[in-house]
Amino acid sequence: MQEKIVIVGAGVAGVNAATKLVDNNYKGKITIIDMGLDPYNRPLSDVMRGFLGAGGWSDGKLTYHTSIGGQLSKYCGEEKAMSLFDQVIANFKRFHPNPSEVQCSDPQAEPDFIKPHFGLRLFPVWHVGTDYLHEIGKNWYNFLVDNGVEFIWETKVTDIDFDNQLVSLGVVDEIKYDKLIFGVGKSGIDFGKQLAEKYELPTEPKSVQIGVRFEAPQHHFQKLIDVSYDFKLYQKFEDKGVSLRSFCTNNNAAYVAVEDTYGNHSYNGHAKKDESYRNDMTNFGILMEIKGIDKPFDWSREAVQKLQINNTGTFFSPSKRVPSKTSEGEYVKCVVVDSMDPLYDALGDYALHIEDFIEDMKKVFPTLGSDWGIYMPEVKYLSPEPLVNYDDLSLTRFPNVYFVGDALSARGITVSGAQGTYVAESIL
Ligand SMILES: Cc1cc2nc3c(=O)[nH]c(=O)nc-3n(C[C@H](O)[C@H](O)[C@H](O)COP(=O)(O)OP(=O)(O)OC[C@H]3O[C@@H](n4cnc5c(N)ncnc54)[C@H](O)[C@@H]3O)c2cc1C
């Protein structure tokens, strides 16, 4: 009988897994279920759900280093990880209408002017460009459909019975699987948590990842952008178990995006390539990793809730800059506050590290002054990371169930796609 693989989530991880299977003439049946829409019908504004998932649809910066974007080399080693990244990047180029447009920035040395306040993480990044992602999505989708992959859209998986190998779609429908790839990303984080609790899955310890999305006119940062487009400044306070990094930098045509998780707002950013979108702004997350917090997930949830006013995130600018507009021309949803106090209410003394980070940026980028704003919060909810077999990412207690992408330990496109590819290789 034909083996049946069900992939929950048509995000970067699920799509790369399916592609690897198809490329290798996998003989079983592949079904992908997603609560979002296919690339022809998916609205631009739906940044989290649908074909190519979150950043694969709305940003497309492909980092190329094992220290960025979550865990991969811990499972498969450095060399294998890099070869898996190559496959993900090759897929983005393969379905790109104009692959020569995909450019790589590869900074080689830390510039002196950021020292001693910051270190700079040096790693290559491939830039696909948001505008092309939608064309890539369509080409990629056509390829999978033409090769027999079945897609079920606008369908939320509500439960999975690991013992009887059944995926529940609402109350009545069920699908049987032989192997299940679970790649629900950030938008399905509560679902992953629900399953982890239901099956009492053993988990790996995690840290808190929280901060703000910082925004300012680009010219203040140009000197560093010339060295590294997607610069990653970092600071470490090992004695306090805290480290900070600038994260996911967007320039030229840089937009802030609202993420809706658990009914709360948090912020992220993306960049457009088309000149018509140019706004000469820069935005990036200032993300703080805090180790040793008991129940990091609950702690983060509570902090995020404290930064909401009327179910909307908050914005502060010392020079009373107004929040910017989205690429669709509407103001970024947020409530303007007149101090950083809400951040202190939410994070306690940890907020001081973020304020200091900004103060240090003012020293390193002398024109910055108070010409900036912060959207609060930016958060990476790290779902409890289930313990998996490192050689194939299957659950230690259910070897035919594989966790991939942000639902496991990824935080970026390349790592998520690579985890999907790794699982597909093991199935093959
Ligand atoms: C705005 C934004 C910009 C980003 N930019 C970048 C970037 O430039 N570079 C980078 O490396 N990373 C970026 N990221 C992070 C990156 O997108 C994620 O790490 C990556 O997409 C995770 O891949 P995934 O396949 O695990 O999940 P996702 O890509 O999030 O896909 C998960 C899919 O599962 C579906 N789903 C969830 N729950 C269910 C359910 N119960 N039933 C059915 N379907 C379900 C969702 O609809 C979604 O399509 C960005 C994230 C966001 C939100």
Side-chain angles (χ1 to χ4, degrees), residues 35-37 42-50 53-55 57-59 154 156 158 184-194 197 208-215 247-248 250 255-270 283-288 290 293 295-318 320-348 350-351 354 372-384 406-407 411:
M35 61 186 180
L37 282 163
R42 181 176 175 180
L44 302 187
S45 53
D46 195 350
V47 290
M48 303 296 286
R49 303 171 313 160
W57 177 258
S58 63
D59 198 353
E154 288 189 280
K156 185 168 181 170
T158 49
V184 295
K186 229 179 178 184
S187 51
I189 201 167
D190 45 352
F191 187 34
K193 192 164 178 275
Q194 173 195 321
E197 283 166 6
V208 164
Q209 305 258 352
I210 198 162
V212 299
R213 177 123 308 233
F214 184 93
E215 181 184 58
F247 171 84
C248 177
N250 299 290
Y255 293 91
V256 172
V258 175
E259 283 182 13
D260 204 330
T261 321
Y262 299 116
N264 290 143
H265 284 173
S266 61
Y267 297 93
N268 206 316
H270 64 106
N283 70 58
F284 49 85
I286 301 177
L287 265 192
M288 182 163 52
I290 314 171
I293 294 219
K295 299 198 177 149
F297 183 83
D298 297 339
W299 192 94
S300 306
R301 289 271 291 120
E302 201 176 311
V304 168
Q305 275 160 6
K306 285 182 182 165
L307 283 163
Q308 314 287 310
I309 298 178
N310 299 331
N311 294 324
T312 308
T314 41
F315 174 83
F316 166 66
S317 167
K320 306 268 184 274
R321 287 187 65 89
V322 285
S324 58
K325 288 187 175 172
T326 64
S327 49
E328 281 83 50
E330 289 160 16
Y331 284 104
V332 176
K333 281 195 188 117
C334 55
V335 172
V336 176
V337 294
D338 58 11
S339 75
M340 282 176 79
D341 288 353
L343 198 64
Y344 281 87
D345 291 342
L347 305 181
Y350 289 116
I354 293 179
W372 50 270
I374 47 175
Y375 299 83
M376 303 178 282
E378 171 145 348
V379 66
K380 304 293 152 213
Y381 282 124
L382 303 180
S383 52
D406 284 8
R411 291 198 297 275

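Reckoned from all heavy atoms, side chains included, excluding hydrogens, waters and symmetry mates.
Applying the side-chain contact (heavy atoms from CB on, under 4.5 Å) test to Ile309 and every residue at least two apart in sequence or in another chain returns Thr314, Val335, Val337.
Looking at Asn268 and Glu378, their side chains come closer than 4.5 Å, going by heavy atoms from C-beta outward. Residues Gln209 and Ile290 fail the side-chain proximity criterion, which asks for heavy atoms closer than 4.5 Å. The shortest distance between side-chain heavy atoms of Cys248 and Phe284 does not fall below 4.5 Å. Proximity of Leu343 to Leu307: side-chain heavy atoms (C-beta onward) are separated by under 4.5 Å at one or more points. The closest side-chain heavy-atom distance from Asn250 to Arg213 is below 4.5 Å.
When all heavy atoms are compared, the tightest approach of Tyr267 to Cys334 is OH-CB, 3.2 Å.
A salt bridge between Glu259 and Lys186 is present, with a side-chain N of the basic residue lying under 4.0 Å from a carboxylate O of the acidic one. Ion pairing of Glu154 with Lys156 is absent here, as no side-chain N (NZ or NE/NH1/NH2) approaches a carboxylate O to less than 4.0 Å.
Remark: Ile354 CD1 to Met340 CE distance equals 6.5 Å, nearest 0.5 Å.
Side-chain contact, Tyr375 with Glu215: a donor N or O sits under 3.5 Å from an acceptor N or O.
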Evaluation steps, salt bridge (Lys or Arg N to Asp or Glu O under 4.0 Å), between Lys193 and Asp190: CA-CA 5 Å; Lys193 192 164 178 275; Asp190 45 352; over 6 Å; no
